[in-house]
> 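Quick one: this structure, given as structure tokens, is what I'll be asking you about.
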Amino acid sequence: MPGRSRRCPMASPDWEWQRRAACRGQSLVLFFGYEGERQPQKDIRERKAKEICAQCPVRVECLDYALSRPEKHGVWSLTEDERSSERRRRMRRAAMAGVTAADQGPDGVAEIPQMLGLEAS
Ligand code: SF4
């Protein structure tokens with residue numbers, strides 16, 4: 001059909017945010033390091049990369065992208081270790097979001113043992 005896109009929208013992720021990335025044109029080494037890099041050099045490099053990230057208008061999109069896939073290397077707004085922590089934090093939050101208000105105790109803390117059937121209600 002003339003004028004209609006033949007591409008499946010699900011097959012084409014939104015890359016628009018990458019066009020606005022502050023790291024465009026920067027050295028990949030600054031964000032991904034190099035073979036044999038030692039920890040002190042890595043710390044300095046990551047700090048420099050994160051200075052660029054701090055000015056980036058698409059930090060949220062970048063981090064969401066990196067967390068949505070097994071991206072183990074590089075600085076994507078956060079370092080590898082920071083992303084691991086953030087990934088765990090989001091998983092805990094998502095698990096807690098499955099807790100309904102009725103499952104909350106009087107102080108707002110979920111009655112998790114009760115929910116798991118470990119205590120009589
Ligand atoms: S947050 Fe950092 S790594 Fe991500 S797009 Fe922006 S500058 Fe690049």
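We use all heavy atoms of the structure for the numbers below, so side chains are in, but hydrogens, waters and symmetry mates are not. Order of listing sets the numbers, starting from 1, for every ligand and every atom in it.
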> Has Cys53 got an N, O or S atom lying less than 2.8 Å from atom 2 (Fe) of ligand 1?
yes
> Looking only at protein heavy atoms, identify the closest one to atom 6 (Fe) of ligand 1 and say how far it is in Å.
Cys56 SG, 2.3 Å
> Determine, stepwise, if the pair Lys48 / Glu51 fulfils salt bridge (charged side-chain N to carboxylate O under 4.0 Å, His left out).
CA-CA 5 Å; Lys48 288 180 179 176; Glu51 285 173 9; over 6 Å; no
> What residue and atom, counting heavy atoms only, is the protein's closest point to atom 4 (Fe) of ligand 1, and at what distance?
Cys62 SG, 2.3 Å
> Give me the nearest non-hydrogen protein atom to atom 3 (S) of ligand 1 as residue plus atom name, then the distance to 0.1 Å.
Val75 O, 3.4 Å
> Membership question, hydrophobic clusters at under 4.5 Å side-chain separation (ILVMFWY): are Leu28 and Ile52 in the same one?
yes
> Any idea which protein heavy atom is nearest atom 5 (S) of ligand 1, and the distance to it?
Ala21 CB, 3.4 Å
> Tell me the protein heavy atom at minimum distance from atom 8 (Fe) of ligand 1, and give that distance in Å.
Cys23 SG, 2.3 Å
> Say you draw a straight line from CD of Glu46 to CG of Leu78; how long is it, rounded to the nearest 0.5 Å?
10.5 Å
> Looking at Arg69, I'd like to know if its CZ atom is crowded, meaning that more than 12 non-hydrogen atoms belonging to other residues, nucleotides or ligands lie closer than 6.0 Å.
yes
> So Trp76 and Phe32, would you call those rings parallel, tilted or perpendicular, with 30° and 60° as cut-offs?
perpendicular
